[in-house]
Amino acid sequence: MGDTTTASILDRCRALGFALAGVASAQRSNRVAELRAWLEAGRNGSMSWLEDHLELRIDPRALVPAAQSVICVADRYADGRPDRRDRSLAGRVARYARGADYHTALRRRLETLRDELRRTHPKHRFRACVDTAPILEREQAARAGLGAIGKHTLLIEPGVGSWLLLGEIVTTLALEPTTSDAALDVCGTCSRCIDACPTAAIEPWTVDASRCISYLTIERRLPIDPTLHAAIGDWIFGCDICQEVCPHCQPTRRSRAAKRHPDYAPVRTTLDALEVLGWNEDDWARAGRSGPLERATLAMFRRNALIVATNTCPPERRAELAARFRTVAESSEEDPMVRETARQSLSRLARPEPTAKDSAQSEES
Ligand code: B12
Ligand code: SF4
Ligand code: SF4
């Protein structure tokens with residue numbers, strides 16, 4: 001990569017298997033007020049790390065002093081095909097976590113590019129970021145022209161979907177920005193994601209993370225508010241509903257033809273809720289650790305399993321489940337969060353079954 005231009009970088013990104021790539025000029029976010037208001041309203045829930053390094057998060061030139069450019073890349077990981085939901089007590093895993101962990105898979109290729117650039121430009125700085133660095137990844141990607149931000153706050157590749165995972169290299173190298181229409185409105189009057197979100201977490205272009213099922217099941221290390229248990233439905237790790245309903249995310253000939261990286265081929269779509277409830281540290285290490293599921297602890301998985309099992313339990317298995325939950329709730333050796341969730345789930349199981357008449361009434365209202 002002797003004579004580095006934006007075009008040569010984009011070629012290299014394609015060769016490395018990235019579905020999308022572009023360059024943004026390094027500049028301060030023009031949404032600082034919105035970000036501060038979001039944090040002040042506590043919409044980050046217990047993710048206090050989002051309050052750290054705010055100056056770096058809002059300006060890549062603070063993250064990498066004298067940065068001039070942000071090279072943005074994206075992997076496609078799914079095509080929006082609906083899930084088959086024909087098994088009871090099956091907890092769904094969000095699509096991004098069904099194959100390889102993007103923190104490893106995407107980062108490996110991004111670091112190859114970073115190392116090549118470092119070799120050809122030893123006087124310049126290059127910092128590779130994937131998810132965990134303090135940077136507003138969707139904003140950078142939209143600026144680089146990779147897509148546009150939808151009302152569910154995710155980056156959408158128009159007509160192909162938001163099934164994208166993002167990464168960046170922030171650099172002091174001055175590169176020609178790729179053309180972008182960052183202000184592109186891909187939503188118009190649509191509000192499908194807002195209407196479909198089971199916890200009412202979405203307002204246009206903002207998500208109350210403290211209510212989002214993705215946060216509740218993956219990030220929250222404390223018991224989950226029981227008033228949100230039913231809304232979690234069959235999601236044991238993450239949630240895809242706002243993407244599943246988005247017109248841009250539907251499987252079409254174009255989206256099926258769009259190249260997805262083979263690393264994300266699904267190896268797990270669902271997890272059996274009762275099996276997860278029975279996991280010990282060894283089972284957990286085999287099933288989850290060192291992969292995309294690693295972000296949730298064993299106790300969080302077992303808490304989620306209790307909720308999903310309660311939500312998806314067929315009437316004829318209620319007694320069996322109640323007996324199993326009682327053992328958990330009464331064991332002094334149990335994790336306190338799991339015990340509390342078992343108690344909450346038991347009281348939900350004890351409620352009378354909705355009758356056909358109740359269901360008809362609630363559909364009418
Ligand atoms: C924290 C976090 C979460 C939190 C909070 C989500 C959120 N919406 O912020 C939780 C745990 C809930 C979460 C969930 C998910 N996440 Co997440 N998450 C992040 C992370 C680490 C930081 C995001 C952040 O800074 N949030 C703070 C809020 C305030 O930022 P914001 O919404 O962008 O705020 C801006 C807008 O409000 C904007 N704004 C305000 N008004 C307006 C008006 C208009 C018109 C526009 C355009 C913008 C705008 O200004 C604000 C400041 O920039 C990023 C990685 C990263 N470093 O960026 C991944 C990331 C956003 N997550 C990602 C994914 C895949 C998911 C899930 C789909 C996973 C899943 N299936 O369960 C869900 C999606 C839920 C959803 N609808 O957002 C991907 C998204 C890829 C994409 N296509 O956009 C990212 C980029 C990770 C990655 N490297 O690929 N996530
Ligand atoms: S991921 Fe699920 S809970 Fe979170 S905003 Fe989207 S639909 Fe709502
Ligand atoms: S569902 Fe509709 S409103 Fe939501 S992001 Fe997609 S196009 Fe925009």
Side-chain angles (χ1 to χ4, degrees), residues 20 28-39 41 43-47 49-51 54 57-58 72-78 92-98 102-103 106-107 110 129-143 146-158 161-168 182-220 228 231-233 235 237-250 292 295:
L20 303 171
R28 192 178 165 84
S29 167
N30 52 12
R31 300 279 177 192
V32 178
E34 287 92 337
L35 178 59
R36 283 193 204 283
W38 189 82
L39 291 169
R43 293 184 153 193
N44 52 329
S46 59
M47 297 181 292
W49 44 270
L50 280 165
E51 293 154 37
L54 206 57
R57 197 172 290 280
I58 59 187
C72 298
V73 296
D75 276 348
R76 292 192 198 101
Y77 63 93
R92 277 201 289 168
V93 173
R95 287 170 179 77
Y96 85 90
R98 291 180 182 178
Y102 73 98
H103 298 95
L106 189 152
R107 178 176 281 282
L110 196 61
C129 309
V130 182
D131 191 47
T132 50
I135 180 166
L136 296 165
E137 295 193 305
R138 294 162 290 179
E139 190 175 314
Q140 298 300 336
R143 252 205 213 128
L146 270 53
I149 296 173
K151 288 180 190 170
H152 56 16
T153 75
L154 298 169
L155 186 87
I156 299 176
E157 182 187 2
S162 53
W163 310 109
L164 297 168
L165 295 163
L166 309 179
E168 309 76 32
L184 180 74
D185 178 6
V186 283
C187 296
T189 56
C190 176
S191 64
R192 283 201 213 174
C193 54
I194 299 168
D195 303 337
C197 175
T199 59
I202 311 178
E203 283 167 26
W205 289 287
T206 183
V207 164
D208 181 350
S210 70
R211 298 183 64 82
C212 174
I213 295 167
S214 183
Y215 159 79
L216 296 170
T217 56
I218 303 176
E219 299 287 338
R220 188 172 166 81
L228 295 174
I232 289 172
W235 292 103
F237 187 89
C239 168
D240 283 335
I241 293 175
C242 50
Q243 302 189 86
E244 286 175 340
V245 299
C246 176
H248 293 281
C249 293
Q250 302 312 308
R295 185 88 191 146

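When reading the values below, keep in mind they use all heavy atoms of this one structure, side chains included, and skip hydrogens, waters and symmetry mates. Counting starts at 1 for both ligands and their atoms, in listed order.
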How close do [X] and [Y] get, counting heavy atoms only, and between which atoms?
X	Y	result
I156	G150	CD1-CA, 3.9 Å
T217	G238	OG1-N, 2.9 Å
Y77	S162	OH-O, 4.3 Å
G45	S210	CA-CB, 3.8 Å

Would you confirm whether [X], through its side chain, and [Y], through its main-chain N or O, come within 3.5 Å as a donor-acceptor pair?
X	Y	answer
R295	I218	no
W38	V207	yes
S214	C239	no
W163	C249	yes
Y215	S46	yes

Counting only heavy atoms closer than 4.0 Å, does ligand 1 sit against the backbone of [X], its side chain, both, or neither?
X	result
R138	side chain
C193	neither
W38	side chain
V207	side chain
T132	neither
L165	both
C212	side chain
E137	both

Within a strict 4.5 Å, meaning less than it, do heavy atoms of the [X] and [Y] side chains meet?
X	Y	result
D208	E203	no
S29	L35	no
L20	R76	yes
P158	L184	yes
L136	R57	yes

Taking both backbone and side-chain atoms of [X], is any N or O found less than 3.5 Å from an N or O belonging to ligand 1?
X	answer
E219	no
L136	no
W49	no
T206	no
C239	yes

May I ask whether [X] has any heavy atom positioned less than 4.0 angstrom from an atom of ligand 1?
X	result
Y102	yes
I135	yes
A133	yes

If the cut-off is 4.0 Å to any non-hydrogen atom of [X], which atoms of ligand 1 fall inside it?
X	result
D240	71 (N)
G238	72 (O)
Q243	68 (C)
L164	81 (C), 82 (C), 83 (N)
E139	53 (O)
C242	77 (N)
H152	76 (C), 77 (N), 78 (O)

Numbering as shown, the atoms of ligand 2 that approach I213 to under 4.0 Å (heavy-atom distance)
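Matching atoms, with element in brackets: 3 (S), 4 (Fe).
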With heavy-atom distances below 4.0 Å as the criterion, list the atoms of ligand 2 near I241.
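This gives 7 (S) as the contact atoms.
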Inter-residue atom distance T132.OG1 - E137.CD, 0.5 Å rounding:
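Reported to 0.5 Å precision, the distance equals 8.0 Å.
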SG of C212 to NE2 of H152: how many Å apart, nearest 0.5 Å?
11.5 Å
Sorted by chain and residue number, the residues having a heavy atom closer than 4.0 Å to an atom of ligand 3 are G150, K151, H152, I156, V186, C187, C190, R192, C193, C246, P247, H248
Between W235 and D240, is the side-chain contact (heavy atoms from CB on, under 4.5 Å) condition met? List the steps.
CA-CA 9 Å; W235 292 103; D240 283 335; 3.7 Å; yes
Could I get the full list of side-chain contact (heavy atoms from CB on, under 4.5 Å) partners for E34, not counting sequence neighbours?
R31
Do the side-chain N and O atoms of D131 and Y102 include a donor-acceptor pair separated by under 3.5 angstrom?
yes
Among [options], which one puts a heavy atom closest to [atom]?
atom	options	answer
atom 13 (C) of ligand 1	C249, A74, S214	S214
atom 83 (N) of ligand 1	C187, S162, A209	S162
atom 11 (C) of ligand 1	W163, W205, Y215, Y77	Y215
atom 84 (O) of ligand 1	L155, L35, I218	L155

Distance-only donor-acceptor pairs under 3.5 Å for side chains of residues 186-196, two or more places apart:
from, atom 1, to, atom 2, distance (Å)
S191, OG, D195, OD2, 3.0
R192, NH1, V245, O, 3.4

Suppose we only count N/O/S atoms under 2.8 Å; would C212 qualify as near atom 2 (Fe) of ligand 2?
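No N, O or S atom of C212 is closer than 2.8 Å to atom 2 (Fe) of ligand 2, so no.
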By side-chain hydrogen bond (donor to acceptor under 3.5 Å, both in side chains), E244 pairs with (sequence neighbours left out) R92, R95
